[in-house]
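One-based numbering along the sequence shown.
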Amino acid sequence: LDDYFIGGAKGTIGALFYQKNGSFEQQESSFLEMDKQSEDVGALIFDADNDGDNDLYVVSGGYEFSTTAKELQDRIYLNDGHGNFTKSKHDALPSMLVSGSKVYSGDFDLDGKQDILVLGRQTPGNYPLPTTTYLLKNVSEGSTVKFEHFTSMQPKEFFELGMATSAVITDYNNDKRADIIIVGEWMPIRVFKNTPNGFVETSKELGLTKDTVGWWWTINQGDFDGDGDMDYVLGNNGKNYKYKATSEATFDIFVNDFDKDTRKDIVLSYYNEGKQYPLRGRECSSQQIPGIKKKFQNYESFAGATLEEVYTEASLENALHYQVKSFGSVYLENKGDQFVIHQLPAAAQHSNTTQFLVKDINKDGFLDVIGAGNLFSSEVETPRNDAGIGYYLQGNGKGAFTPIAATTSGLFLPGDVKDMSFITANNQSYILAVKNNDEIQAVKLKP
């Protein structure tokens, strides 16, 4: 019977639910108590010690910690085969004091053991600086669980890869080896091919350049066009937000110590009639850099000033700079030697998409897509991204998707949805959706 685990925020332990007689009962979780001050941001249920039962890997993260805080260390909890967990020994994992996001398993070296991919999400207190993603080799022996840095396979690009939010373990070239595709915030789509000599980035060869930078939240896979290889759906910020981006009018971020006070400043920009302007107004901008009030004595003078006039060309050139050309969620068609990007229908662009589920929902033999998201956290002058109610895209087996209205499908997933999963109870399929500061929602899939 399917069970589930939901991570807890800082100061709250996670919750483990076991299915009994068609309902779910929360379990006593004292094994999590010692890690109560860690923030659970991702989890993986898999057999870490190869003993035939499911263990639990929990990713630690959060923005409020120092960069050396022990609370950032990930954890493994081992199952005794009867659903009772104990934390693994402290040396089961190497030191990884980064704020992570998600974790995935795969037998990357074909030795019969499940290895681990752990995504680095952010550097606490230093948004949007890139952080490191890790590949861990499973070197467990008998009942002793141990993972080590997979230095022989991990590509050099994983060091300070970016702000990774999601990945997919896949075989995009049908060579029977587990490849990796990673996406993230202010990141392009990154593809890493598994070779006998380790992972090699092949993004550029596949036609995925830096022009694919986005606010990517999720990626999932399926053979949507029926040609025998894996295609992908990627959730971006959507096209219905205050922030807009096109190839001609990009949305940019610059990070530098603009006012020389030894602290990094963040500057966002947009284009209007071919000119680049600061996104934030005089009030918010001067709260970060007080000197702006002296440089621009009134709101009118600031309103007409371009980005270079406010922050100077030299400071912008020396800044960490990311640029988005599209916030659209997309379907990535696998052509074998190239990936082709197609925009998903408008129903998928109403808000950001934080999770995709892929399944043949209507039993017509073709894979369909369910998406949901929203982003309620935003600064004062920016409305929250909350127009999404979930969406159901019916696939036709040729790579095209038809949105089915909520009034017809019955799918309604409002709120700040952070994750979703299919789950079976009483021989019925459900979608389980978890939301920030909200109740769990279950949606039944009718036969």
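Remark: Tyr77 pairs with Phe31 by the ring-ring contact (aromatic ring centres under 6.0 Å, His included) rule, at least two apart or across chains. Applying the ring-ring contact (aromatic ring centres under 6.0 Å, His included) rule to Tyr243 yields the partners Trp215, Tyr241, Phe251; only residues at least two apart in sequence or on another chain are considered. The side chain to side chain contact (heavy atoms under 4.5 Å, CB included) check on Thr212 picks up Pro188, Ile189, Leu208, Ile341, with sequence neighbours excluded. Applying the side chain to side chain contact (heavy atoms under 4.5 Å, CB included) rule to Ala15 yields the partners Phe17, Gln26; only residues at least two apart in sequence or on another chain are considered. Remark: Ser351 engages Asn374, Asn385 in a side chain to side chain contact (heavy atoms under 4.5 Å, CB included) (not counting sequence neighbours). Shown here are the ring-ring contact (aromatic ring centres under 6.0 Å, His included) partners of Phe302, two or more places apart in sequence or in another chain: Phe296. Among residues two or more places apart in sequence or in another chain, the side chain to side chain contact (heavy atoms under 4.5 Å, CB included) test is passed with Val267 by Phe254, Phe258, Leu307, Tyr311.
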#### Entry: side chain to side chain donor-acceptor pair (under 3.5 Å) assessment of Glu333 paired with Tyr331
CA-CA 6 Å; Glu333 182 186 3; Tyr331 158 57; 4.9 Å; no

#### Entry: Intermediate values then yes/no, ring pair (Phe, Tyr, Trp, His ring centres under 6.0 Å), Phe150 and Phe108
CA-CA 10 Å; Phe150 212 152; Phe108 300 122; 7.5 Å; no

### Task
Determine, step by step, whether Glu39 and Tyr63 satisfy the side chain to side chain donor-acceptor pair (under 3.5 Å) criterion, reporting the C-alpha distance in whole Å, the side-chain angles of both residues, the deciding distance to 0.1 Å, and the verdict.
CA-CA 9 Å; Glu39 180 108 1; Tyr63 198 70; over 6 Å; no

### Task
Decide yes or no on side chain to side chain donor-acceptor pair (under 3.5 Å) for Thr353 and Tyr391, but give the supporting numbers first.
CA-CA 10 Å; Thr353 300; Tyr391 55 90; 2.8 Å; yes

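The environment of CG in Asn437 is sparse: at most 12 heavy-atom neighbours from other residues, nucleotides or ligands sit within 6.0 Å. Environment of CZ in Phe376: crowded, with over 12 heavy atoms of neighbouring residues, nucleotides or ligands closer than 6.0 Å.
Within the 6.0 Å centre-distance limit, the rings of Phe192 and Phe158 are counted as a close aromatic pair. Aromatic rings from Phe24 and Tyr4 are positioned such that their centres are separated by under 6.0 Å. The ring of Tyr172 has its center no closer than 6.0 angstrom to the ring center of Tyr232.
Judged by distance alone, the side chain of Ser315 and the main-chain N or O of Thr312 form no donor-acceptor pair under 3.5 Å. The backbone N or O of Gly336 lies less than 3.5 Å from a partner atom in the side chain of Asn334, making a donor-acceptor pair. Side-chain atoms of Asn236 do not come within 3.5 Å of backbone N or O of Gly214 as any donor-acceptor pair. With hydrogens and angles disregarded, no donor-acceptor distance shorter than 3.5 Å links the side chain of Asn362 to the backbone of Gln394. Here the side chain of Thr195 pairs a donor or acceptor atom with the backbone of Gly198 at under 3.5 angstrom. Listed for the Ser286 side chain is a donor-acceptor partner under 3.5 Å among the backbone atoms of Arg282. Here the side chain of Thr131 pairs no donor or acceptor atom with the backbone of Thr123 at under 3.5 angstrom. With hydrogens and angles ignored, the 3.5 Å screen pairs no side-chain donor or acceptor of Tyr392 with any backbone N or O of Ser409. Distance alone, capped at 3.5 Å, places no donor-acceptor pair between the Gln441 side chain and the Glu439 backbone.
Atom OG of Ser29 is separated from atom CZ of Phe85 by 9.5 Å, given to the nearest 0.5 angstrom. We find the CG-CG distance between Asp74 and Leu93 to be 6.5 Å, quoted to the nearest 0.5 Å. Taking CG of Leu332 as the reference point, atom CG of Asp231 lies at 8.0 Å (rounded to 0.5 Å). Thr306 contributes atom OG1, which lies 12.0 Å from atom CG of Asn272 (distance to the nearest 0.5 angstrom). The CH2 atom of Trp186 lies 13.5 Å from the CH2 atom of Trp216; values are rounded to the nearest 0.5 Å. Here the straight-line distance linking atom CD1 of Ile180 with atom OG1 of Thr133 works out to 9.5 Å at 0.5 Å rounding.
Each of Arg75, Glu71, Lys10, Gln73 was checked for a side-chain hydrogen bond (donor to acceptor under 3.5 Å, both in side chains) with Ser60, and the lone residue meeting it is Arg75. For the side-chain hydrogen bond (donor to acceptor under 3.5 Å, both in side chains) criterion with Ser269, the lone passing option out of Gln323, Gln276, His321, Arg280 is Gln276. Each of Lys193, Lys156, Arg190 was evaluated against Glu201; a single residue qualifies, Arg190, per the salt bridge (charged side-chain N to carboxylate O under 4.0 Å, His left out) test.
Applying the side-chain hydrogen bond (donor to acceptor under 3.5 Å, both in side chains) definition to pairs two or more places apart or across chains, those involving residues 87-98 are Asp35-Lys87. Note on residues 284-298: no pairs pass salt bridge (charged side-chain N to carboxylate O under 4.0 Å, His left out), not counting sequence neighbours. Pairs of residues two or more places apart, or lying in two chains, that qualify as salt bridge (charged side-chain N to carboxylate O under 4.0 Å, His left out) and include a residue from residues 115-134 are Arg121-Glu185. Listed by first and then second residue, the salt bridge (charged side-chain N to carboxylate O under 4.0 Å, His left out) pairs involving residues 396-417 are Asp416-Lys418 (not counting sequence neighbours). Screening residues 236-258 for salt bridge (charged side-chain N to carboxylate O under 4.0 Å, His left out), with sequence neighbours left out, gives no hits.
The pair Glu273-Lys275 does not meet the salt-bridge criterion, since no charged nitrogen lies less than 4.0 angstrom from a carboxylate oxygen.
Residues Val417 and Gln355 form no side-chain contact, since every pair of their non-hydrogen atoms from C-beta on lies 4.5 Å or further apart. The side-chain heavy atoms of Gln349 and Leu344, taken from C-beta on, include a pair separated by under 4.5 Å. The shortest distance between side-chain heavy atoms of Val118 and Val103 falls below 4.5 Å. Counting heavy atoms from C-beta on, the side chains of Thr250 and Tyr271 come closer than 4.5 Å.
Remark: the Gln114 side chain and the Asn138 side chain contain no N/O donor-acceptor pair separated by less than 3.5 Å.
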